[in-house]
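All figures in this text were calculated on a predicted structure; none of them were measured in a lab. Lettering follows sequence order; numbering is per chain, from 1.
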Amino acid sequence: MEAWDTQLRKGGIELAVLLLLSRHRMYGLELISSLSEAGFNVGEGTIYPLLNRLNTQGAIAAEWVTGDTGHPRKYYRLTAPGAEQAAQMARQWTDFAQAMNQLVQTTRFGADRPAGKEA
Amino acid sequence: MLQRESIVLIREFNRRLRTALRHAPNYMRVEAALEVESHVMDVLSSRTSKLPEAEQVTEILRAFGSPEEYALALMSQMPSVERMSAGSSLREVAFAVSDLVRGFGHLLAAVGRNTFSVAWAVARRLWQASRWAWVRLGRLAAWLRGPLAEGRAWLRLRIRRSRELAVAGGRASLRGMAGAVRLVHAGGRVLLVVLRYALRVLRWTLRAAGIAALGALVLGAFGIALFAAWAPDVSGWLVYQEQRQIAIALEDLRRQTVAGYSPMAQEAWARTGLTVMSTALAAGLVLAGLLGYIIWNGRRRRSRVVG
């Protein structure tokens, strides 16, 4: 069960990162905190390799900024191709979630779901 | 400002990380280390903890996993050639690098041409000057053997005559003159020997430099021809090399994690050994050729003198 949950969240991390970066640019720790608030507990060993891959693919762009903190900080922002990719992934996720919700609703597991909990 | 112990911990982590990424592209190694350092600073400045700073840094670094595991995660995420999109930044970098290499190649060729023409002009001047000096030294030797020797002989005759005629007054001045002439003769001979030896060394050096330059040109042309034959598309080759490098490094890192040794490190040693041996062999051949030429030239000159 735990493995399935891990795999499920792993599959959604990339979309979650792109959606968060679509709001405004963020640095690594900020992104980890935002993901944690959204319910994705991701470690540094996962997020930075993912960000590097997205940067190499051109979905996001990175730049080093030396601000008030005194030390350089790497900020990530969504690029135009990244925005297109995020939009497509969001559509696919919505379709997938609708299909899965429908499937759950038609079974006894959907009827037994505690009240107030969304799929 | 971090404490010394914290800096040591971060540096040790980054050192192991860079070692694990040693076969990866250079920009990956640099960026990975900077990211770790920056993240540690961000976490430390964002939290308030009663723990000692070094303990906090250890905990933060532990979140990355071990440096080797983090390196593996970084390289596993790198896209393969097949998955790269047409407008990828890596290919753009490869094109930019190939343009830079071409431009630098033109610059090197221009510098090389200018340097070669200057060196050639200087060598030609030196060779002509050495021939002029050799001729002048020959005239000096002839003067020493001819007029100066005749002058000494004349002085000796005069001194003997004055002794026979018992003319004391002029003998001292004649002896003084003979002494001066002897000094000039001796000094001239010494100068002749030293200058002739120096000229011989100069001419041999010019011949050796000419042979070495010719050899370097031939080897360089051969090397360029080989490279042009095997790597016609520089930009595509750069991209392929980088992806191949990443794939090989990834495989090596996996083997290192599982088996505890690095096959690539062993291969690198063997490659280094082969390179050293082949370079030593090539250098030995060039030196042997040079030595053979010098010996042959020396024999030719001696046979000409004897003949």
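- Across all their heavy atoms, B/Ser38 and A/Pro72 have their closest contact at OG-O, 2.9 Å.
- Counting heavy-atom neighbours within 6.0 Å of B/Glu5 CD, excluding the residue itself, gives a total of 12 or less.
- Interatomic distance, CD of B/Glu35 versus CD of A/Glu44, reported as 11.5 Å (0.5 Å rounding).
- Heavy atoms from other residues, nucleotides or ligands lying under 6.0 Å from CD of B/Glu53 number more than 12.
- Of all non-hydrogen atoms in B/Ala73 and A/Gly45, the two that sit nearest each other are CB-O, 3.8 Å.
- Among the residues in residues 17-37 of chain A, those with a non-hydrogen atom closer than 4.5 angstrom to a non-hydrogen atom of chain B are A/Tyr27, A/Leu29, A/Ile32.
- We find the NZ-CG distance between A/Lys74 and B/Leu34 to be 8.5 Å, quoted to the nearest 0.5 Å.
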Kindly determine whether B/Glu31 and A/Trp64 satisfy side-chain contact (heavy atoms from CB on, under 4.5 Å), including the steps that lead there.
CA-CA 10 Å; B/Glu31 290 270 326; A/Trp64 286 95; 3.4 Å; yes
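- A parallel orientation is assigned to the rings of B/Phe64 and A/Tyr48, their planes being inclined by less than 30° (bins at 30° and 60°).
- Other residues, nucleotides and ligands place more than 12 heavy atoms under 6.0 Å from the CZ atom of B/Arg47.
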